[in-house]
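Proteins get letters first, then strands, A, B, ... in listed order; numbering begins at 1 in each.
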Amino acid sequence: MPLATRQPAAKAADLLAWYDRHRRSLPWRVLPGERPDPYRVWASEIMLQQTTITAVKPYFERFMARFPTVEALAAAPSEEVMQAWAGLGYYSRARNLHACAKAVTASHGGRFPDTEAGLRALPGIGAYTAGAVAAIAFDRPAAAVDGNVERVMTRLFAIEAALPGAKPVIREHVLALLPMARPGDFAQALMDLGATICTPRNPACGICPWREPCRARTAGTQESYPRKAAKKAGVTRYGAAFVLLREDGALLVRTRPNKGLLGGMAEVPTSDWRADYELDGAAQDAPFVTRWRKLGTPVRHVFTHFPLELTVLVAKAPATSQAPLGMRFTPRGKLRDEPFPSLMLKVVEAGLAALRPPSSAP
DNA sequence: GAGGCGTGGGA
DNA sequence: TTCCCAAGCCT
């Protein structure tokens, strides 16, 4: 074999040596030699699904202070759990998290299963999270293949197959590299490498512990991995949102159905959200017959699969008003307790600002 | 297997 | 502005 084409094999030891020097300090990560709390590991992994570390940190701290144990979480009312999650997104995670805590408490004596298969059977725990918790919390030799690991592996081995089809191949590569010792550190090291060195754009190949064995780096094509099909943009939907403020300061709100978009979260009443929504007839969709004032600037929000434009309509109601069926007037002082998603925070803020008496210039 | 499912930040 | 995303799961 010609020397020029030979490439050294990637070794777990090189990655672990790098990890020992550059591991990140994170709120859910323990010091070397310490035994992690599976509850904290699990909760952090759920929060980190498709969510940045920056966004998760404050939520994690608050969540752990509010629900210090899996039993405490299991015993909490679901509204409280949803409120603690409000703003983090992907709310089915919170519903499944709560269901998982109840299952662990009721059926496993408050102990998380210490195997991938056992974990995988719990709600909200898929292939990645089962591997991550098994490896990190219990030091099991499990593969935790997330987006970081997919990127590292497709570059390291120049895997041409596109995601998600390439997942099984990637997983095999990870398993082949898994060290006998420190599988938990290996899992975290792989993710740290992907997050800090093997980044999507401008990867720092020059200081990568695997720069020698990396096939993409050798070819200079690292940024073209992983291969994946471009996703199509969604069609903008439109609708009307109704901010009704009672004279005593209470706001008319309701809770969305438990399934689907923003399931189980709070909202002000709105029309349907449709691509062909006709704003002229918005009053027909109002929860209350009154004189609605239409705000000029709509609230814009972008979901994963479609952009949304909600036109806000505002009105005041007499202090004696009763809420329509399925709705409630929440007092001003209790608004913070409502599990409003970010979209609704924008709507409520815009509506209340318009209803406030005009103030003199700042 | 492809689509539903949030949000805020960086290039 | 616009795009892409960031430690995925469920159906």
One thing to verify: whether A:R66 and A:E80 come together as a salt bridge, which I'm taking to mean a side-chain N less than 4.0 angstrom from a carboxylate O.
yes

If you measure from the Lys or Arg side-chain nitrogens to the Asp or Glu carboxylate oxygens, is any gap between A:R40 and A:D37 under 4.0 Å?
no

Would you call A:R237-A:D276 a salt bridge at under 4.0 Å N-O?
no

Where each residue is assigned the nucleotide of DNA chain C containing its nearest heavy atom, which of A:P200 and A:Q49 is assigned the position nearer the 5′ end?
A:P200

Side-chain N,O (A:H305) to OP1/OP2 (B:dC5) below 4.0 Å:
yes

Pairwise 5' ranking along DNA chain C for A:G124 and A:D146, keeping only the more 5' one:
A:D146

Reckon A:T51 touches a base, only the sugar-phosphate, or nothing at all at heavy-atom distances under 4.0 Å?
base

Rounded distance [0.5 Å steps], CG in A:L119 versus CD in A:E45
11.0 Å

Please list every donor-acceptor pair under 3.5 Å in which a side-chain atom of residues 258-269 of chain A meets a protein atom from a residue at least two apart or in another chain.
unit_1	atom_1	unit_2	atom_2	d
A:E267	OE1	A:R256	NH1	2.8
A:E267	OE2	A:R254	NE	2.8
A:E267	OE2	A:R254	NH2	3.1

Main chain of A:P141, side chain of A:E116: is a donor-acceptor contact present, judged purely on distance under 3.5 Å?
no

Whole-Å distance between C:dC5 C1' and A:E223 CD?
14 Å

Roughly how far apart, to the nearest Å, are B:dG8 and C:dC9 at atom P?
22 Å

At less than 4.0 Å, is any side-chain N or O atom of A:Q50 found next to OP1 or OP2 of C:dG8? Yes or no.
yes

Looking only at B:dG8, B:dG4, C:dG8, the nucleotide nearest the A:S342 side chain is B:dG8

Report which part of the nucleic acid A:R151 touches: base, sugar-phosphate, or nothing (heavy-atom distance under 4.0 Å, all strands).
sugar-phosphate

Can you pull out the residues from residues 252-271 of chain A that lie within a 4.0 Å heavy-atom distance of DNA chain B?
A:G260, A:L261, A:L262

Between A:A55 and A:N202, whichever has its closest DNA chain B nucleotide further toward 5' is A:A55

Pick the closest DNA chain B nucleotide for A:R201 and for A:R93 by heavy atoms, then say which residue is nearer the 5' end.
A:R93

When we call it a touch if two heavy atoms are under 4.0 Å apart, what does A:T129 touch: a base, just sugar-phosphate, or nothing?
sugar-phosphate

Under 4.0 Å between a Lys/Arg side-chain N and an Asp/Glu carboxylate O for A:D192 and A:R29?
yes

Shortest side-chain distance from A:Y128, nucleotide among C:dC5, B:dG6, C:dG8
C:dG8

With heavy atoms under 4.0 Å as the rule, sort A:W85 into base, sugar-phosphate or nothing.
nothing

So A:A127, base contact, sugar-phosphate only, or nothing? Heavy-atom distance under 4.0 Å.
sugar-phosphate

Got a second to check how far A:R155's CZ is from A:T221's OG1, nearest 0.5 Å?
9.5 Å

Base, sugar-phosphate alone, or nothing: which one does A:I125 contact when heavy atoms must sit under 4.0 Å apart?
sugar-phosphate

Side chain of A:R120 (C-beta onward), nearest among B:dC5, C:dC10, B:dT7
C:dC10

Looking at A:H301, does any N or O in its side chain come under 4.0 Å of the phosphate oxygens OP1/OP2 on B:dG6?
no

What nucleic acid atoms does A:G165 come within less than 4.0 Å of, heavy atoms only: base, sugar-phosphate, or nothing?
nothing

Sugar-phosphate, base or nothing in reach of A:L345, heavy atoms under 4.0 Å
nothing

Is there, by distance only and without an angle test, a donor paired with an acceptor across the side chain of A:S92 and the base of B:dG4 below 3.5 Å?
no

Classify the nucleic acid contact of A:V56 as base, sugar-phosphate or nothing, counting any heavy atom under 4.0 Å across all strands shown.
nothing

Any A:Y59 side-chain N or O less than 4.0 Å from OP1/OP2 of B:dT7
no

Salt bridge (charged side-chain N to carboxylate O under 4.0 Å, His left out) between A:R227 and A:E160: does it pass, once the steps are laid out?
CA-CA 7 Å; A:R227 314 278 202 222; A:E160 301 299 331; 2.5 Å; yes

Using the P atoms only, state how far C:dA6 lies from B:dC5, rounded to an integer number of Å.
23 Å

